[in-house]
Every structure is written in C-alpha cells, then in structure tokens.
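Here's the structure we're looking at; comments come further down.
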Amino acid sequence: MQSTSFGLQQMKREQVKEVLACLDDERRVFRYFRDRYCFDLMEFEMDRQGYESIKVAELKAGSLGRYLQKPVVAQALKHCANGLVSKQDLQTLWSKDLLPFYVSLSSWGEADRGWDQTSRNQCNLVLQLNFDGKHDEQYRKLVKPDDDYGPFEYWGHPVQKGNRKTMSWIRMDIDFDTNEVLIEEIQSDWLRNASSALACVKSRRAKKPSLKPRDVYGDILGDFEDLESYVEQTLAPYRKIWAEASMLAALRLIRDELGLSTVYYHSFDTGKKLKDVCGAPPRSMYTQLPKQFGFEETGDAPDFLVSDKFARRCIKAIHNPRWFRRFV
C-alpha cells in the first residue's frame with residue numbers, strides 16, 4: 001500500500017480519526033514466525049542503501065551480521081544463488097511455521113495523562129494484533145468463556161471488543177511534520193492474564209483438588225484440564241513471539257502505510273517518568289526488545305516532544321533522559 005501524507009501537527013483525537021478513516025478500511029493479515037523480523041530488517045537496510053540485491057558476505061560483515069547467526073536465517077540464506085540475496089528472495093525464504101494475525105487500528109487517549117500514559121498528553125494511534133479464527137475456535141472449545149467479554153481481556157485498554165480477540169496492542173504518538181513516531185507502549189493483556197488465571201486456579205486446587213476454574217473465575221466454564229491445555233499448549237507458540245511480532249507489525253505500519261522513517265522507543269526509566277506510569281512495566285520490553293530490533297540508545301528526544309510545551313517541561317524534570325531510535 002502506498003504511504004499516506006496527512007500534514008498533521010499533533011496527534012489530537014480528531015486527527016487520529018482522520019488517519020483511521022484513511023487506513024482502517026482494509027482487511028490486514030499479518031503472518032509471523034519466530035525471528036521473521038531479521039528478514040524484514042535486511043529489507044529495510046537494502047532499501048536504505050538503494051540495493052535490489054546484496055552479497056550475503058556483505059550482510060555478515062555489516063550491522064546485520066548478528067541476525068544471520070539465527071538458525072532460521074542461516075538456513076534460508078544457504079539457498080541464495082551465487083551468494084546474493086535480493087529483496088524478492090527475502091519474501092520467499094520464510095519459514096512454514098507461520099502464525100496468522102488480523103491487524104486492526106484504533107485510538108487511545110482523552111488528554112488525561114494519569115490514565116492515558118501518553119508523553120504529550122495527546123491521543124495515540126493504536127495497532128491491535130488479533131488472534132485468527134483457528135485460535136478462537138480452540139479458545140471457545142477449551143476455555144468456554146461465559147460471554148463475549150472473556151476472562152483474559154481488559155476492555156479498559158485499547159483492544160478489540162466482541163468476537164475479535166486482541167493478543168497485543170501497540171500505542172504510537174505520530175508527527176508527520178517531523179517524520180517521527182514514538183512507540184509509547186507494547187503490551188499483551190491476554191497472555192499475561194491467561195497465565196495468571198491458570199496459576200491462580202492451580203494454587204487453589206492444591207488445597208481443594210475438586211475445585212473447578214468457574215469456582216475462581218465465573219466466566220471460565222471449561223474444566224481444569226481444558227484450561228491447562230489452552231494456556232500451556234494453545235498459547236505456547238504465541239508467548240514465544242508476541243513481543244517481536246508486535247514490534248515488527250508496528251514498524252511495517254509506520255514504514256509502509258504511514259510513510260514515516262524515524263522511530264523512537266522509550267527507555268525504561270524515561271518512559272516511566274514521562275508517561276507518569278504507576279508500578280513497574282516489564283523492564284525487558286524497554287531494554288532487550290529495542291536492542292533486538294537494532295534501535296540505538298540516544299539522549300536526543302523526538303523533535304515533536306521538544307517542541308511541545310507540556311512534554312518539554314516533563315523532560316527537563318528527568319535526570320539524563322534516554323530513548324531508543326532507529327530508521328526504517
């Protein structure tokens with residue numbers, strides 16, 4: 001899809017609605033397998049250098065060399081003729097172990113910083129990565145949820161409501177004038193809540209073996225063995241890839257559909273303070289994940305934050321503020 005230009009200055013709610021009106025009328029399918037992002041980062045780098053093809057040896061010697069050590073990548077590149085890999089090749093080298101998702105877009109934020117946890121006290125664009133029909137069938141069969149509002153979702157967050165179930169969501173503050181995106185948050189309520197529910201039921205059953213999941217969670221009508229099967233087997237492949245799949249889905253949207261190239265991501269301490277977050281989000285999401293995707297740490301804030309009076313005041317109150325940045 002061609003990139004879209006909006007000429008917006010700030011992500012206010014009416015402006016986010018304009019973005020959604022332009023982009024959210026298409027059915028998007030996003031397929032992912034573990035470490036797929038390595039192939040996409042190679043594509044980004046080839047585009048950046050203006051290459052249609054590149055020598056595998058050159059990739060190994062450059063900044064992408066560490067990704068070529070991944071078994072799925074090393075195995076795939078063995079099939080490249082003459083030691084050359086083209087952008088077209090990258091799309092044919094995928095693993096067959098694909099997990100399909102449906103992508104939807106939404107908005108988040110009512111200018112209530114304490115609740116919204118937005119850096120500019122503005123509205124965010126949200127990408128939702130939703131489970132496919134095969135997962136949903138297993139979910140209904142094993143968990144037997146009591147109604148559409150299932151036991152593992154939280155409608156107080158920007159997720160799909162009703163039949164479509166959101167595995168994870170990504171909030172983004174976007175500025176088309178500065179060509180920048182700040183990824184505010186990547187989160188999965190579903191996977192965390194499912195694991196917590198099973199752990200709670202297991203703990204209670206240790207004292208009372210006859211206890212059923214519905215005795216603890218009234219909206220889980222399935223038996224304990226079925227709940228255990230769903231959480232430990234059905235969700236197992238999703239737990240392995242959800243964070244990297246979410247990040248890649250966001251980068252592809254930013255690059256391919258929004259037409260933006262400079263992507264920022266919060267560091268743990270700066271993001272927590274700037275967004276006024278209570279509690280402690282998973283540290284790995286703000287340390288390991290951005291480094292995994294080739295983000296580099298920087299003390300330079302996004303230009304649109306520096307030009308925003310509210311955000312600028314908050315940044316000045318933070319000792320040694322840091323972000324992660326990469327270009328796509």
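Leu93 approaches Cys80 most closely through the heavy-atom pair CD1-SG, 4.2 Å.
Classified by interplanar angle (parallel below 30°, tilted 30° to 60°, perpendicular above 60°), the ring pair Tyr67/Tyr37 is perpendicular. The aromatic rings of Phe30 and Phe101 sit tilted, their planes meeting at an angle between 30° and 60°. Between Tyr265 and Phe324, the ring planes lie tilted relative to each other; the angle falls in the 30° to 60° range.
With salt bridges taken as basic N to acidic carboxylate O contacts below 4.0 Å, one links Glu297 and Arg322. A salt bridge links Lys202 and Glu228; the closest N-O separation between the charged side-chain nitrogens and carboxylate oxygens is under 4.0 Å. Salt bridge present: Arg48 and Glu45 bring a charged side-chain N and a carboxylate O closer than 4.0 Å. Note on Asp175 versus Arg120: salt bridge recorded, some NZ/NE/NH1/NH2 to OD/OE distance being below 4.0 Å. A salt bridge between Glu296 and Arg326 is absent, with no side-chain N of the basic residue lying under 4.0 Å from a carboxylate O of the acidic one. Salt-bridge check for Asp276 with Lys273: failed, with every basic side-chain N at 4.0 Å or more from each acidic carboxylate O. Remark: Glu43 engages Arg252 in a salt bridge, criterion side-chain N to carboxylate O under 4.0 Å.
The aromatic ring centroids of Trp94 and Phe39 lie 6.0 Å or more from each other. If you look at Trp323 and Tyr264, their ring centroids are not closer than 6.0 Å.
Side-chain contact between Ile170 and Val126: absent, with no pair of heavy atoms (C-beta onward) separated by less than 4.5 Å. Side chains of Asp35 and Glu244 form a contact here, defined as non-hydrogen atoms less than 4.5 Å apart.
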List the steps, then state whether side-chain hydrogen bond (donor to acceptor under 3.5 Å, both in side chains) holds for Asn179 with Ser261. CA-CA 6 Å; Asn179 188 35; Ser261 62; 2.6 Å; yes
Going through the checks in order, is the side-chain hydrogen bond (donor to acceptor under 3.5 Å, both in side chains) test met by Gln187 and Asp189? CA-CA 6 Å; Gln187 185 167 317; Asp189 301 308; 2.8 Å; yes
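Judged purely by atom type and a 3.5 angstrom limit, Asp308 uses its side chain to pair as donor or acceptor with the backbone of Phe310. Under the 3.5 Å distance criterion, the side-chain polar atoms of Glu180 are matched with a main-chain donor or acceptor of Asp303. Of the possible polar contacts, one joining the Thr92 side chain to the Asp89 backbone as a donor-acceptor pair under 3.5 Å is found. Within the 3.5 Å criterion, the main-chain N or O of Arg283 finds a donor-acceptor partner in the side chain of Thr287. A distance-only check finds a donor-acceptor pair linking the side chain of Ser307 to the backbone of Phe304 [under 3.5 Å]. Arg164 places no side-chain N or O within donor-acceptor distance of the main-chain N or O of Ser104, the cut-off being under 3.5 Å. Checked by atom type and distance alone, the side chain of Asn193 pairs as donor or acceptor with a backbone atom of Phe152 at under 3.5 Å.
Taken to the nearest 0.5 Å, the CG atom of Leu127 stands 9.0 Å off from the CD atom of Glu257.
Of the listed residues (Lys165, Glu153, Gln128), just one forms a side-chain hydrogen bond (donor to acceptor under 3.5 Å, both in side chains) with Gln160, and that residue is Gln128.
Under the 3.5 Å distance criterion, with hydrogens and angles disregarded, a donor-acceptor pair is assigned to the side chains of Ser119 and Glu184.
Atom CZ of Arg31 has 12 or fewer heavy atoms from other residues, nucleotides or ligands within 6.0 Å. Within a 6.0 Å radius of CG in Asp147, more than 12 heavy atoms belonging to other residues, nucleotides or ligands are found.
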